[in-house]
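Residues: numbered from 1 along the sequence shown. Numbering of ligands and ligand atoms starts at 1, following listing order. Worth saying up front: this structure is predicted, and the values here are computed from it rather than measured.
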Amino acid sequence: MVRVRFAPSPTGPLHMGGVRTALYNYLFARQKNGTFILRIEDTDRSRFVEGAEEYIMESLDWCGIKVDEGVREGGKSGPYRQSERKELYGKYAEELLKKGSAYIAFDTPDELEELRRSYEKKGNTFMYNARIRDRLNNSLSLQKHEVQKMIGEGVPYVIRFKMPHNEDIEMDDMIRGHIMVNSSTLDDKILFKSDGMPTYHLANVVDDHLMEISHVIRGVEWLPSLPLHYMLYHAFGWDKPSFAHLPLLLKPTGNGKLSKRDGDKLGFPVFPLYWPHGDKARGYREDGYLPGAFVNMLALLGWNPGTEKEIFSMDELIKEFSIERVGKSGARFDAGKAKWFNHQYMQLQNLDDVSTEYIHLVKGKGYDISMDKSRRLVDMVRERVSFVHELWEQTDFFFEAPSSYDEKAVKKRWKENSPALMEELRSVLEGLDSFGSEETEKEVKEWINKNEYGMGAVMNAFRLLIVGEMRGPHLFDIITFIGKEETLRRIDRGLEMLT
Ligand code: GLU
């Protein structure tokens, strides 16, 4: 039975790398008919940030990553917030003490700081480990009755893991293969703090065990913790889950981890949603990304389907995703590619949905249009844009006559004979009974050919009068949309202003 978990700490907005971790866990669970659990790891109260937990859940909702068991959903292994499980961890720390795998340490933060400094002075690094623990202030060096007395007096203490000396720890990772670390390179990590709270390591391993997690899929920044986690499973005598450590998301340059600063500097979001608290941050949702595009892009940052295919729906991802095809090395983020995905998704989106959004956009500019007109406009220009908000700059001239004429275009396209040509074109158009796109095009072209006028000379000058510059879709579609009256009005105004 596959049970996986996403276990974020609510310390701020969820980074897109975190969303990718959640996504890979979700895909893995769905593919194996397993369970996807959301566990909130909030035992470090000093790093707790108001609003972060809600932000995490809203982000997963927006991405379409559905939680099976979690804070909101409940489930057989709850509660799913570690702060609500805090009574439970002490018992497991006790168990390790009894088994001799952990010990009590009274060293104060000041004492440890001083040790650290004196080591540093000699160019060494201080490590609380097998080499020196017998000389420090703990239950391994003190007499039993001394320890009892100190505890009785309320002297603060922590519980540390007793990392064995010089032992090879052999591990397996689904992405990285076999890994070996010698225990002498590791220190005696604190498992339980003097404030009665477990540290990440203890709470994480205990909960993964109690929640019957079968596969731990998480960021590579947790790989250094793996030997300790292995040793903890060993000490408890529990079966271990399988582990997979995902590659980093790298800056666009490929040097180092993708950070908020990169996004601020280069103009892209690194968070799924807008973060409204404190150090505010832009989000993909508010920047106009479609959740499907965001998810698709994330899925391919680290996972390689092994084919040329790039567009994957969530269902396709569930079918085709595999941990074996996740790379070991970091995945470079490419903001241009993110936009490309959104462009693709905008083209695939249901026309009515885009048209509804477009009606809102246009309303914001002060114009009301029908669904039918909205559909026509969206259909005409959507292949030119990557975001809904970009539709306006492709269609503003349907609503607003040009108030000025692009200087460069005038210089290049408004020739000596342009006024005369446009006067004549005006009367051709005025004489037409019906003003459909195809008929007007046919009539105008016949007139051009009959008089042997240049096609470019007429059409460029005409576009300048209607749009104000050299852009926009098929000109006959534009004039049909704005209608005969408005077309003639724009010609008159242009002639007046340019001659
Ligand atoms: N709470 C850790 C985090 O914030 C979880 C790491 C893990 O998945 O074990 O990423």
Side-chain angles (χ1 to χ4, degrees), residues 2-29 34-49 51-57 59-60 65 67 69-71 77 79-86 89 92 161 171-176 179 189-191 193 197-233 238 240-249 257-260 270-272 298 302 323 326:
V2 165
R3 286 174 66 78
V4 296
R5 84 312 191 262
F6 175 50
S9 299
T11 54
L14 179 64
H15 189 275
M16 60 193 275
V19 181
R20 188 198 57 178
T21 300
L23 175 65
Y24 285 10
N25 273 282
Y26 172 74
L27 297 176
F28 188 80
T35 304
F36 174 64
I37 297 164
L38 174 64
R39 183 173 73 222
I40 301 293
E41 301 208 325
D42 58 349
T43 54
D44 187 351
R45 299 313 279 179
S46 66
R47 295 185 60 218
F48 178 82
V49 170
E53 186 182 302
E54 293 72 17
Y55 182 96
I56 291 165
M57 295 196 266
S59 299
L60 299 187
I65 298 173
V67 173
E69 294 178 22
V71 174
S77 305
Y80 293 90
R81 210 181 264 122
Q82 286 188 326
S83 58
E84 288 169 22
R85 302 167 67 82
K86 61 179 178 225
Y89 305 110
Y92 289 96
F161 186 70
M171 296 161 283
D172 285 299
D173 183 281
M174 293 164 78
I175 295 168
R176 282 146 219 284
I179 303 167
K189 279 273 178 303
I190 296 176
L191 301 177
K193 295 178 285 183
M197 282 292 236
T199 58
Y200 154 72
H201 302 291
L202 181 69
N204 185 270
V205 166
V206 165
D207 283 347
D208 281 347
H209 171 69
L210 295 177
M211 295 182 179
E212 299 173 78
I213 299 302
S214 60
H215 298 77
V216 169
I217 303 169
R218 62 184 172 191
V220 72
E221 60 271 33
W222 302 103
L223 190 58
S225 303
L226 188 60
L228 171 62
H229 294 184
Y230 257 65
M231 296 305 278
L232 282 168
Y233 281 102
W238 295 337
K240 284 183 288 290
S242 300
F243 290 91
H245 289 85
L246 306 175
L248 276 184
L249 286 195
K257 196 173 152 179
L258 181 70
S259 71
K260 176 169 183 289
V270 299
F271 301 107
L298 269 186
I323 289 280
V326 174

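- Of all atoms in ligand 1, listed by their number and element, those nearer than 4.0 Å to a heavy atom of Tyr200 are 2 (C), 5 (C), 6 (C), 7 (C), 9 (O).
- Given atom 5 (C) of ligand 1, the protein heavy atom at minimum distance is Ala7 O, 3.1 Å.
- Residues Trp238 and Val205 meet the side-chain proximity criterion, which asks for heavy atoms closer than 4.5 Å.
- Every atom of ligand 1 is numbered from 1 in the order shown, and the set under 4.0 Å from a heavy atom of Asn204 is 7 (C), 9 (O).
- Summarising the local packing, NZ of Lys260 is surrounded by more than 12 heavy atoms from other residues, nucleotides or ligands at distances under 6.0 Å.
- Nearest to atom 1 (N) of ligand 1 among the protein's heavy atoms is Glu41 OE1, 2.6 Å.
- With contacts defined as side-chain heavy-atom distances shorter than 4.5 Å, the pair Tyr200/Asp44 does not qualify.
- The side chain of Trp222, and not its backbone, has at least one atom closer than 4.0 Å to an atom of ligand 1 (non-hydrogen atoms only; side chain from C-beta on).
- For Lys193, the NZ atom is densely surrounded, since the number of other residues' heavy atoms within 6.0 Å is greater than 12.
- Ligand 1 has no atom lying under 4.0 Å from any heavy atom of Glu221.
- At least one side-chain heavy atom of Leu246 sits less than 4.5 Å from a side-chain heavy atom of Ile175.
- Nearest protein heavy-atom neighbour of atom 8 (O) of ligand 1: Arg5 NH1, 2.7 Å.
- Taking a 4.0 Å cut-off on heavy atoms, Phe6 fails to register as neighbouring ligand 1.
- Residues Val49 and Gly12 come closest through the heavy atom pair CB-N, 3.9 Å.
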